[in-house]
4 protein chains.
Amino acid sequence: MPTPKAASSRTPDATRRSERSRRAIYDAALALVAEVGYARTTVEGIASRAGVGKQTIYRWWPSKSAVLLDAYLDLTGQAGPEAQAGPEAQAGLEAQAGPEGGEERDEPAEPAEPAGLPDTGDLAADLKAVLRATVDELDDPRFEAPTRALTAEGVIDPELGARFVERLLEPQLRLYVRRLAAARDAGLLRPDADLRVAVELLVGPLTHRWLMRTRPLTHAYADELVDHVLRGIAPR
Amino acid sequence: MPTPKAASSRTPDATRRSERSRRAIYDAALALVAEVGYARTTVEGIASRAGVGKQTIYRWWPSKSAVLLDAYLDLTGQAGPEAQAGPEAQAGLEAQAGPEGGEERDEPAEPAEPAGLPDTGDLAADLKAVLRATVDELDDPRFEAPTRALTAEGVIDPELGARFVERLLEPQLRLYVRRLAAARDAGLLRPDADLRVAVELLVGPLTHRWLMRTRPLTHAYADELVDHVLRGIAPR
Amino acid sequence: MPTPKAASSRTPDATRRSERSRRAIYDAALALVAEVGYARTTVEGIASRAGVGKQTIYRWWPSKSAVLLDAYLDLTGQAGPEAQAGPEAQAGLEAQAGPEGGEERDEPAEPAEPAGLPDTGDLAADLKAVLRATVDELDDPRFEAPTRALTAEGVIDPELGARFVERLLEPQLRLYVRRLAAARDAGLLRPDADLRVAVELLVGPLTHRWLMRTRPLTHAYADELVDHVLRGIAPR
Amino acid sequence: MPTPKAASSRTPDATRRSERSRRAIYDAALALVAEVGYARTTVEGIASRAGVGKQTIYRWWPSKSAVLLDAYLDLTGQAGPEAQAGPEAQAGLEAQAGPEGGEERDEPAEPAEPAGLPDTGDLAADLKAVLRATVDELDDPRFEAPTRALTAEGVIDPELGARFVERLLEPQLRLYVRRLAAARDAGLLRPDADLRVAVELLVGPLTHRWLMRTRPLTHAYADELVDHVLRGIAPR
DNA sequence: ACATAATCGAGACGGTACGTCAGGTCTTTTT
DNA sequence: AAAAAGACCTGACGTACCGTCTCGATTATGT
């Protein structure tokens, strides 16, 4: 059902791809979403603003949302090596990133792990700093529009949602888990605490407020969440 | 040409409204969203499936999402008296519900407060029961499709989101708060606990998992959340 | 093979049809063909020049050539009552014209029989006058462009060709035949002469020169043809 | 950017041309026109069916119709030495054919004069035989499709029409004229007869019937035309 | 009981965007 | 240097829906 028809033109040759066009498409897509919103952003509009043929978009992406996702990944610097892949890669949730590497790594590589959370020793302060930064980012219109658009689209389209989660959300959550694990290993947390759930208790409510707009997103709220959660997993 | 156009789309007479058509439109809208998804549900499709003229929809609702919201409210039994209001009412975030009532109530009227949370005296058990029921509901395809659709739409369209929150989400959250307040007043919770935040700590993570599909939604997860949150606001 | 897919929207209601739009479409089509030629005339261009939605064209005609044919019939005044018919009428070669007429005519109605050839008693002079007029018309750019376009299209598309012949060519040829028959009955022609072939001997070479542009089309040539043909069917 | 562009599409070197490709292109073009018709034959389709790059077609021909014309000339054996010329040669109506030949001919070379009409002494029989053969050829689907396509295209595009006439039609008409001239010189025709017009009286009606599909093309019709025309130019 | 008026089903209309096809140019690699 | 391959920009295709606008044909009162 989701895939309505077979791909018309067969798998294009990615090595011949125009880097110029890709950049222009990303820029146009992000600009349009920020300016007129996701619903009024059209593939045609992106193409024309990017000075690109519509077909050049359809050759490489299956849909408006896929374009925007890649543009957004590029914007946030998460654009991994897989970003080059053709449309078929967008369709399925590809097993794993790079097959070419034979090198052993203890970290499971995952799509482009970002920076890493600060670790000053003061867990509460570190978490608050990160959550406050998140709050600020969600207030920045440069990020807000595409993030809302992609989140909403992912809520409805499981395919896109999976890519969104895999490429953006999960890597971030893993950073939190790792920071918490460090604290736990240092004896600062209850040893049996479920760190994954703890992270979701931080991120879930924040996201909820932002998505639903039930209450203003503030630094104070971020602090409150951290305090609450740490209270729940502090050693007895 | 003859009619000066001013009267064209002007405030229809709600008393003359066809109940038959409204019901048919609700049914068609929900059925279509469940069958083909929100994006492929069209006003034209709803009209034709409901055996109704397109104009009959546009006369009473400003958009597809507004139709679906009312259909959904009707489905969940939240359909308050305001549901009859004309298009202009949908546009703005109306200040408060019914102006026509002069009757005094101690409960602040709010849009159609639902049942109320169980209160067996065992707070944890009550909360778990409710959250588990929520999990089940979110698994029921009859509810899942329109809920996702409306949530996603509300994420992007603040107008619709506000209505969604006001009519559906907030009333529910208030129930939680009230149940917690009862427990606090009974000395079962820390007196200074921020109950609103506590509720969000329950609902936020659950919603997050459901929206993002990061992990399966289970009863066990619901229980874990309750345990965690109560641990955070239990009396010292 | 010719009809690639079923009609998407079912047979529109001709009574609701906008006369304004039809006229505007005819005018735009003829103007464009005259200005930029048939190949560079597009449905999109006709629609936009006519101030009309594309769908309004596709609702009533199956193709650019069908539009142009009707526009041309309208221009030449051959537009019979059948011109109102929907797309399905374009597809098949409809049986016969107008059912609504109750008036008695000795001629079997046929698609809008035009004026009738002059009959001054001098057959040669009459034929020369008519052929010369034809030569002049084929030189008039107002007629030349669409006539060439429709002829060429009819050469390739048998469906359209049939309509072109039935509505335009055959009625004219019948006029010639009738004029010749009158002369034959007056004893001015060989009684066993095949008048149909005689007519084709007049019209065929003229058309040939015009289509192929082998030699200039002149009044002298028209006269020569008449002289030649009459010599062939004059009484012994 | 580096290359000044002037050299991009500039006069290719005909001596390096791939004969293999040309043949393949001709075959593909004729096959496609016969199979799917002219309108649905595309340059892209020809290229891919011929196993040839698109550019190879555009390098040597200016348009689809030009390719088809050359393919058709090749098919009918009329392909003169000029067929090798580059695009610019196609554009204008080139003055004369091949300069490279040193062989002496009394006939002024003209584009590849074909066989010549039979001359058994019986003019009527000879003409009937030839016209009947033409009727048969026009019934052969191998010839019909491209002939119709080229004729129609030539009706609209004067450039192509001129080439078509010059290379195909006129040489044939000249054969008729020559045969008639022989008969006239033998005293079998009126000495002042306009032989060119006589030929057009034979070919015009036949072509007319074929193009317009007004009546079936038969041997009987061919005979009738010959009889009629000869009656018109027989000695008094 | 009836005129009057508005809703209703239907669907044509001017539009916008869709996703596809092909045209003709260009670049890259191969022969 | 021509050729195969095919990406690219352009522009048109024919379709789907949008939201507005008539059209009769029911209702549905409110004097």
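As the structure is a computational prediction, the values presented were derived from the model and not from experiment. Chain naming here is simple, since letters A, B, ... match the order of the sequence lines and numbering starts at 1 in each.
Position along DNA chain F of the nearest nucleotide to D:Ser21 versus B:Arg16 favours D:Ser21 as the more 5'-ward residue. With the nearest nucleotide of DNA chain E identified for both B:Ala50 and D:Ser63, B:Ala50 has the one nearer the 5' end. Mapping A:Ser18 and B:Thr42 onto DNA chain F via the closest heavy atom, the residue that lands nearer the 5' end is A:Ser18. Closest-nucleotide positions on DNA chain E for B:Gly53 and B:Glu44 were compared, and the one nearer the 5' end corresponds to B:Gly53.
Between D:Trp60 and F:dA3 there is a side-chain N or O to OP1 or OP2 distance below 4.0 Å. Remark: C:Thr56 is in phosphate contact with E:dG14, judged by side-chain N or O atoms under 4.0 Å from OP1 or OP2. Contact check, B:Arg59 against E:dC8: a side-chain N or O comes under 4.0 Å of OP1 or OP2.
The nearest whole Å value for the distance from the CZ atom in D:Arg40 to the P atom in F:dC13 is 16 Å. The CD1-C1' distance, from B:Ile25 to E:dT7, rounds to 12 Å in whole Å. One can place CZ of A:Arg22 at 15 Å from P of F:dA7, the figure rounded to the nearest angstrom. At whole-Å resolution of the value, CD1 in B:Ile57 and P in E:dG9 are 9 Å apart. Distance CD (A:Gln55) to P (E:dG23): 14 Å, rounded to an integer number of Å. Across the protein-nucleic acid pair, C:Lys64 atom NZ and F:dG14 atom P stand 9 Å apart, rounded to whole Å. For the pair C:Arg17 CZ and E:dG14 P, the computed distance is 11 Å after rounding to whole Å. Nucleotide F:dA3 holds its P atom 15 Å from the CZ atom of D:Arg23, rounded to whole Å.
Atom CG of residue D:Leu68 and atom CD1 of residue D:Ile25 lie 12.5 Å apart, to the nearest 0.5 angstrom. Separating the CD1 atom in C:Ile57 from the OG atom in C:Ser63 is a distance of 11.0 Å, to the nearest 0.5 Å.
Residue-level contact check: A:Thr15 touches neither bases nor backbone, having no heavy atom under 4.0 Å from any strand. Looking at heavy-atom distances under 4.0 Å, C:Gly51 makes contact with sugar-phosphate atoms alone, never a base.
Cation-pi geometry between A:Arg16 and A:Trp60 is not met: the NZ or CZ atom fails to fall both under 6.0 Å from the ring centre and inside 45° of the normal.
A:Lys54 contributes a side-chain N or O that forms a donor-acceptor pair with the base of E:dG19 under 3.5 Å.
With salt bridges taken as basic N to acidic carboxylate O contacts below 4.0 Å, none links B:Glu44 and B:Arg49.
Among A:Arg163, A:Arg23, A:Lys64, the one residue that satisfies the salt bridge (charged side-chain N to carboxylate O under 4.0 Å, His left out) test with A:Asp70 is A:Arg163.
Nearest to the side-chain atoms of A:Tyr58 among the listed nucleotides E:dT20, F:dC13, F:dG6 stands E:dT20.
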